[in-house]
Amino acid sequence: MAIRFYNSLTHQTEEFQPLEPGTVRMYSCGPTVYDFAHIGNFRSFLFADLIRRFLEVMGNEVTHVMNITDVGHMTDDQVADGGGEDKMEAAAKRLKEDKKSGRVPDGAIENPDDPYQVADYFTKAFLEDARKLGLKIAFEYPERIPHATAFISEMQEMISQLIDNGHAYVGPDGAVYFSVESFPEYGSLSGNTLEQLREGSGGRVEETNQAAKRHPADFLLWKPDQSHIMKWDSPWGTGYPGWHIECSVMARKILGRDIIDIHTGGEDLIFPHHECEIAQSCCASGKEHFARFWMHARFLMVEGEKMSKSKGNFYTVRDVLGGKVTGREVHPAVLRYELLRSHYGSNMNFTEKGLKDSATAVRKLNEFNTMLEQKTGGQAAEIDNSHPVLADFLNALSDNLNISGALGVLFPWMSGPHDNPQESLAVLRTINRILDVAPMEHAADLEEEASGGDEFDVKALCKGIDDARASKDYAKADEIRNQLQAAGYEVRNSPEGTVATRQLA
RNA sequence: GGUGCGGUAGCCAAGUGGCCUAAGGCGAUGGAUUGCAAAUCCAUUAUUCGCGGGUUCGAAUCCCGCCCGCACCUCCA
C-alpha cells in the first residue's frame, strides 16, 4: 500500500516517495535550550519519531536531523531592532535562583552567566528526557543533533549568497534582511499573501522597527549588535544571526542536499519560521523546493486548556515522570504512549485520566509481551510485513499515520487466540519497533532502579499475604495488601502466589 | 478581519457515498472467577454521526447555509 501523508505545503494528502528510493532525509525543528522542554515540545518530537520509525519498518533508511537552538535570541527578535530581554540572560537569571534554592544539583553548572554552559545544561536535560521517551534521534547526538552556534560561518555563507543573488539587502540600520518580495512563493505554506501580511501587520508591528525594511514582512538574517550576549564577527558587523537561518543551513549541510524529503515541526512554526526557511533555502539553492513534504503536529492542550505557565498547567517531561500530574511516578513508556496515541493532525488533550488509561494499555502490552517471551523462550518466527496483522497495522499508518486505526488493529489481535506464539512474538516485535513501549528498551535501567530502591521488601510482603491466606487470616492479608497498594503497587494473585508490581502511572 | 484544522457514545477515537442497524481503547453495568478484592475471561453499552436545508435509489461521508472549538497571522512544539 502506498504511503500517504498530509502535506502542509500543498494542503492535501499526497503519496509519499523519497527522492532517492529507500532513503529518506528528514529534518525536525528541535528544542531551544534556555529551559526544560515541556510535554508539548515532546508531542512534536515524538510525532517526528513516529514518522521515522514507521518509515524504517517500511524498509527505508532514514537520515534524521534535529537542531538544538542555542543562539540566545532576543525575545523580540521578530521585530527589527531586536529589543527585549535576551533569552540566555533570562535563563541565567533563572538558573542562579535555582542554584540558590538547590534545584540545580551541585556541579551541574559552574557559571550561569556563560551562555554556552546554560545551553549545555539544558541540552543535557533534553537528551536525558528524549532518551527516556525513546526518541531514536537522541541516541545519535551529536552527529544528527547539531548546535546552531556551531554553524555560524555556514549561516554567513548563506546570507552572503542571498545578498549576492538579490534576495537580501543591508538596511539603513546595518542589519541584513531577507526581501520577501524577491520570492513570489512567500506565503504559500501558511496561506498568507504579502498583501494580507501587510494588512495584518497593522497595529502589531511598531512603525519604528519597520523603517529599515523594504516590506513589513522582511525578516532578519543578521543583526549587528555589540551588546548581545552571544555574538560573532561578520562582514556586516559583530552580532548574531536571524532566528530562521540556522535550520536552512543545517538541513542543507548535514542532510547533504538542497532538497530534502520531510520537514517537521509544531504547527506554530508554520508561520513565520517555516515560511522563512523555505524562502531562504529556495533562494539560496535556486531550487523549486526545500522540503517536499512539510508535516506539522497540532498543539497539545492540558485538561481542555492551552498549556501556559500562568494557568499552572504547564508540565515539563520531568514534572510528569516525577508525579506532578498523577501524584506518583510515571513510567516513561506511559508518557510516550500517551503523547503518541492520538493523531498528530488534531489537537490532543492531555489529561490525568488519559495518562492513566495509557498506563493500562502499556501494562497490557507488556504483559502480553512477557507471556509470548516465556512461551517461546524468546524465539520469534521469521515473518515480513505481509503478515496479515502487520499489514493491517502498517496500512493504517500508511494513511497519514492513522495511529488510532493501527491501535484498533493491535488490541483485538492481542486479546485474541495465539496458537503460534513465535509468530505472534515476531508481529509484536515489529510493531514495537514503532511504538517502543513493550518492552520499552531504553527505560530498562530506570525500571531496575525503581524496583531496587524500595524502602521495604516487596517479596517478603507478598509471601506474608500468601502465608496469611493459607492460615485463613484474611484481616492480616488485607492489611498487607493495603499497605502495598498505598505505596503504589498493584497486587495480584497468580498460580505462583501473590505478585506486586509498581503502578506505571 | 484574513488563513488553516476540526465537531462521531460518559471520555479518547476510527470510518469520507452502499460491506456502517458506525472499528478499537478507556469507563460503566451484569455474569464467571475470588475468602473479599485486583487481574483475567464472557456479555451489554451510538437506529446514530454539531444544527438546518439540498443532491442521490442510497449520506457520518457530496453541496449550500448556520453554530461551536482550536490554531496561526506576535515569542511559542
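In what follows, chains are A, B, ... by sequence order, proteins preceding strands, each numbered from 1. Quick caveat, the model's predicted, so the values are computed rather than measured.
In this structure, D478(A) pairs ionically with R481(A), as a charged nitrogen and a carboxylate oxygen lie closer than 4.0 Å.
An OP1 or OP2 oxygen of A39(B) is reached within less than 4.0 angstrom by no side-chain nitrogen or oxygen of K364(A). Listed pair Y34(A) / C76(B) fails the phosphate criterion, with no side-chain N or O lying under 4.0 Å from OP1 or OP2. In terms of phosphate contacts, N402(A) brings a side-chain nitrogen or oxygen within less than 4.0 Å of OP1 or OP2 of G15(B). Between N347(A) and C70(B), a side-chain N or O to OP1/OP2 separation shorter than 4.0 Å is absent. For C72(B), the OP1/OP2 oxygens have a side-chain nitrogen or oxygen of K306(A) closer than 4.0 Å. Taking 4.0 angstrom as the limit, R363(A) places a side-chain polar atom (N or O) nearer than this to OP1 or OP2 of U40(B).
Checking M348(A) against C29(A), the closest nucleotide of RNA chain B that is more toward the 5' end is the one next to M348(A). Taking the nucleotide of RNA chain B with the nearest heavy atom to each of P412(A) and S404(A), the more 5' of the two is matched to S404(A).
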- From CA spacing to verdict: side-chain contact (heavy atoms from CB on, under 4.5 Å), T69(A), E246(A): CA-CA 8 Å; T69(A) 298; E246(A) 64 180 67; 2.7 Å; yes

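The interatomic distance linking L410(A) (CG) with A14(B) (P) rounds to 16 Å, in whole Å. The OH-P distance, from Y337(A) to A13(B), rounds to 13 Å in whole Å. One atom, CG of L355(A), and another, C1' of C12(B), lie 13 Å apart when rounded to the nearest Å. Atom C1' of nucleotide A38(B) and atom CG of L484(A) are separated by 13 Å, given to the nearest angstrom. Separating the CZ atom of R4(A) from the C1' atom of U16(B) is a distance of 13 Å, rounded to the nearest angstrom. Rounded to an integer number of Å, the gap from OH of Y489(A) to P of A39(B) is 18 Å. In this structure, F411(A) atom CZ and A14(B) atom P are separated by 15 Å, rounded to whole Å. The NE2 atom of H215(A) sits 17 Å away from the P atom of C73(B) (whole-angstrom rounding).
Side-chain contact check for H296(A) and T264(A): no donor-acceptor pair (N or O, by modelled atom type) lies under 3.5 Å.
Among the candidates F45(A), F314(A), F126(A), the single residue satisfying the ring-ring contact (aromatic ring centres under 6.0 Å, His included) test with H38(A) is F314(A). If you run side-chain contact (heavy atoms from CB on, under 4.5 Å) between L504(A) and each of T360(A), V334(A), L335(A), T326(A), only V334(A) comes through.
Evaluation of atom-type donor-acceptor distances gives no pair under 3.5 Å for the side chain of D357(A) against the base of G27(B). Residue-to-nucleotide contacts include no donor-acceptor pair under 3.5 Å from the side chain of R341(A) to the base of C26(B). Looking at R298(A), its side chain has no donor and acceptor atom pair within 3.5 Å of the base of A77(B).
C41(B) is paired with G31(B) under the Watson-Crick or G-U wobble criterion, all donor-acceptor distances under 3.5 Å.
Across all strands, E267(A) comes closer than 4.0 Å only to sugar-phosphate atoms, never to a base (heavy-atom distances).
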